[in-house]
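One structure is given below, encoded as structure tokens.
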Amino acid sequence: MFVKTDDRVQLYYQTAGDPANPALLLSNSLGTRWQMWQPQLAALTKHFYLISYDSRGHGESDKPAGPYSLTRLGQDALCVLGALGIKKAHFCGISMGGLTGLWLAVYAPERFLKIVVANTAAKIGTKEGWQSRAAAVREQGLAELATSAPQRWFTPGFIRKHAALVEQLTDTLAEQDKEGYAACCDALAEADLRADLSRIQLPLLVIAGSADPVTTVADAEAIVQACPSARLVSLKASHISNLEQPAAFNRALSQFLRS
Ligand SMILES: O=C(O)CC1=CCC(=O)O1
């Protein structure tokens, strides 16, 4: 199904569970799709009305030309809730989706009950790094980047044991729209919420991966230190911890949201 945002972009979403339950909006990482939440969709439908969507520029959502901004990604999440008539929801996002969650906690706290941000940072990477990735992707496409993705996303042991899943995710990345991906890199190049974290008052769970080379445990600790309402859970995982440690991720998510 699709919702249309206030700037007339169509976003693809899926729902699971009973709409009478508390809503939980799930936001994907750069280069993935709504399906990345499959283990959470399977485990949490008893207690939550789950909504997972393809971020703009990704999957079946529209891919308007960039640059995008973190504000725009945050407003997209609000548009999904608005279109479904949901006044307040829980939110869980990973990496780029997690940074979107921090933006929502700062700028739209009245729309949320609790927020979970996984494998993220108030500022992910460097401006120059994202600018050069955006330029390379616009020029060469995503095939090259897809071959190096498993090393950024998973531990070596997970890659060995779950080759089919890793291949499926890298195929998804290679097939993404290069402008949509690059436009999200533009957003990440500019996004920096470090000075805003102390304004967050919503209950916030920060999930880190102890082996994450992209957004480190130190990044997660910095969020928790700056934000009095935050608590930290560290999982034995790399960057895409909801897929590498689904049971532990679901436990942490469910305990936090249901407490
Ligand atoms: O570089 C990657 O693919 C990992 C990543 C950084 C931001 C995001 O959402 O994913």
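We use all heavy atoms of the structure for the numbers below, so side chains are in, but hydrogens, waters and symmetry mates are not. Just so you know, residue 1 is the first one in the sequence shown, and it goes up from there. Bear in mind that the values here come from a model prediction, so they are computed numbers and not experimental data. As the structure lists them, so they are numbered: ligands from 1, and atoms in each ligand from 1.
Taking each heavy atom of Leu73 and Ala187 in turn, the nearest pair found is CD1-CB, 4.3 Å. Of all heavy-atom pairs spanning Gly17 and Tyr49, the tightest one is O-CD1, 3.6 Å. Across all their heavy atoms, Asn119 and Gly209 have their closest contact at ND2-N, 3.5 Å.
When only non-hydrogen protein atoms are considered, atom 2 (C) of ligand 1 lies nearest to Arg152 NE, 3.3 Å.
Counting the atoms of ligand 1 from 1 in the order shown, those under 4.0 Å from a heavy atom of His239 are 4 (C), 5 (C), 10 (O). Atoms of ligand 1 found under 4.0 Å from any heavy atom of Ser95 (numbered from 1 in listed order, with element): 5 (C), 6 (C), 7 (C), 8 (C), 9 (O), 10 (O). Those atoms of ligand 1 with a heavy atom of Met96 less than 4.0 angstrom away are 8 (C), 9 (O). Interface atoms of ligand 1 facing Arg133, defined by a heavy-atom separation under 4.0 Å, are 1 (O), 2 (C), 3 (O). Close approach of ligand 1 to Ser29 (heavy-atom distance below 4.0 Å) involves ligand atoms 9 (O). Residue-ligand proximity, Trp153 to ligand 1, at heavy-atom distances under 4.0 Å covers atoms 2 (C), 3 (O), 4 (C). Atoms of ligand 1 lying under 4.0 Å from at least one heavy atom of Leu30, given by number and element, are 8 (C), 9 (O), 10 (O).
Between the side chain of Ser210 and the backbone N or O of Leu235 there is at least one donor-acceptor pair closer than 3.5 Å.
Judged by distance alone, the side chains of Ser95 and His239 do bring a donor and an acceptor atom under 3.5 Å apart.
Using a 4.0 Å cut-off between a side-chain N of Lys or Arg and a carboxylate O of Asp or Glu, Arg72 and Asp6 qualify as a salt bridge.
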